[in-house]
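For reference, the structure is listed below as C-alpha cells.
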There are 2 protein chains.
Amino acid sequence: MSKSATKVLQALERVGGFASAQELHLVLKRNQESIGLTTVYRTLQNLVNEKSVDILRKDDGEAIYRLCGDSHHHHLVCKNCGKTVEIEGGAIEKWAQKSGEENGFREIGHTAEIFGLCSEC
Amino acid sequence: MSKSATKVLQALERVGGFASAQELHLVLKRNQESIGLTTVYRTLQNLVNEKSVDILRKDDGEAIYRLCGDSHHHHLVCKNCGKTVEIEGGAIEKWAQKSGEENGFREIGHTAEIFGLCSEC
DNA sequence: ATGGAAATGACAATCATTTCCATTCTTGGT
DNA sequence: ACCAAGAATGGAAATGATTGTCATTTCCAT
C-alpha cells in the first residue's frame, strides 16, 4: 500500500485543497504516473481510515478529499458568474466546535459555504 | 405537481425523520399509493427548492430528506448513526453576512453543517 | 531463489439519481 | 360539455461515482 499512497498524497499536495478521486486520478495521469482508478479509490479509503486524509461530500454527493492539517478555509461563491473568494472562517470554527461539544459530540468537523451576487453581477 | 407533493409529504410525516427517496417510494408503494420513483425524486427536488424539505447526505453519499420547520437553522449530524440535532446559528449568520459584504457581494446566503460522533457512537 | 501475503489494475457489477419520451391528466377558452 | 396546449407522470434506459472480482505483479523474509 506504500507506493500508491505516496503518489496519492503527492497529488493531494499538488492540488492543495479538496479534490475528488477522479480528479486525483487525472492529475496523476497527467504527471506520467501510472496508477489505476481503483487503486486511487482504495488508497484514499485507507488514508481516510488512518486519518491522514479528510473526506467530505459535495452537494451532489460526490466525495472530495484533502490532506488533514491543510489550512482550513471556506468559499464565497457568486451565484451568477461563479467567481470564488477564499475566506478565513475563524468565527465558524469556534461556533462548530462549541455547538458540537454542547451536544456531546466528538471529532467535530463542519462544512460551510457562502453564496451571493458579486459586485460585477 | 400537487397530488404527488401531497403524497410525498404524507410519507415524510409517516416516517417522522430522515428518509431517502428510495425509502419514501417504498413506503408509498406499501400504502397502495401509486407513484413512480421518478416522480418521487422530482417532487422532492421541488419541495427542497421551495424550502419545505431539508436535504442532506449520508456518509455513503445517498441523499436523505425530511420535513423542515420554517425557522432557519443548521444541523449537527452524527457521522456514524445519523442522529441529528438542530442548531441555532447566530454566529454563522453574522459571519456569512460580514464576509460577503467585505467582498462586495449582495443577496448573501449560506449553507453550513456540523458533523462528528455523538455520545453513543 | 522461493513461497506466500499484500498490492495493483482492468473490467464488470452496483446503486442512486437523471434523462428521455410516450402517455395521461388539467385547464382555460369556446 | 368539448378540445387543444401544456404540465405532470412513470417506466425504461442512461449516467456517473464507487465497489467488487480476480488474475497478475511486487515485496520481503527466509
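All values reported here derive from a predicted model rather than from experimental measurement.
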**Q.** Ranges pairing with ranges for DNA chain D, where each run has three or more Watson-Crick or G-U pairs under 3.5 Å
**A.** C:1-30 with D:1-30

Q. Can you find an N or O donor on one side and an acceptor on the other, under 3.5 Å apart, linking the side chain of Arg42(A) with the base of dG9(C)?
A. yes

Q: Remember a base hit wins even if backbone is also touched, and classify Gln45(B) as base, sugar-phosphate or nothing at under 4.0 Å, heavy atoms.
A: sugar-phosphate

Q: Among Ile35(A), Ile64(A), Leu12(A), Leu9(A), find the one that has a side-chain contact (heavy atoms from CB on, under 4.5 Å) with Leu24(A).
A: Leu12(A)

Q | Nucleotide dT9(D), atom C1' - distance to NE2 of His25(B) in whole Å | A | 12 Å

Q | Residues from residues 27-41 of chain A lying under 4.0 Å of DNA chain D - heavy atoms | A | Thr38(A), Tyr41(A)

(Q) Without decimals, in angstroms, what is the distance between Glu62(B) CD and dG16(D) C1'? (A) 16 Å

Q.
Centre-to-centre under 6.0 Å for His74(A) and His110(B), is that the case here?
A. no

(Q) Within the 3.5 Å criterion, strictly below it, is a donor on Glu113(B) or Thr111(A) matched to an acceptor on the partner's side chain? (A) no

Q: Please state how far atom CD1 in Ile64(B) lies from atom P in dT17(C), giving the value in whole angstrom units.
A: 10 Å

Q) Just how far, in rounded Å, is P of dT18(D) from CG of Asp60(B)? A) 11 Å

Q: Identify, with sequence neighbours excluded, every residue that meets ring pair (Phe, Tyr, Trp, His ring centres under 6.0 Å) alongside His25(A).
A: none

(Q) Side-chain N or O of Lys3(A) versus OP1/OP2 of dC27(D): is the shortest distance under 4.0 Å? (A) yes

Q: Run through the side-chain heavy atoms of Ile, Leu, Val, Met, Phe, Trp and Tyr, join any pair under 4.5 Å, and report what else lands in Leu26(A)'s cluster.
A: none

Q.
So Asp54(A) and Tyr65(A), do their side chains get closer than 4.5 Å, heavy atoms only?
A. no

Q: Using whole Å, report how far NZ of Lys7(A) lies from P of dT26(D).
A: 11 Å

Q. Is there side-chain contact between Leu76(B) and Phe105(A), with heavy atoms separated by less than 4.5 Å?
A. yes

Q. For dA7(C), does either OP1 or OP2 sit under 4.0 Å from a side-chain N or O belonging to Ser4(A)?
A. no

(Q) Rounded to whole Å, please give me the gap between CZ in Arg57(B) and P in dA17(D). (A) 13 Å

Q | Pairs meeting criterion salt bridge (charged side-chain N to carboxylate O under 4.0 Å, His left out) with involvement of residues 7-27 of chain B, two or more places apart | A | Lys7(B)-Glu33(B)

**Q.** Length of the CG-P vector between Leu56(A) and dT18(D), whole Å
**A.** 12 Å

Q: Mind jotting down which residue pairs meet the salt bridge (charged side-chain N to carboxylate O under 4.0 Å, His left out) criterion with at least one end in residues 39-49 of chain B? Sequence neighbours excluded, please.
A: none

Q) dA16(C) P sits how many Å from Leu44(B) CG, rounded? A) 15 Å

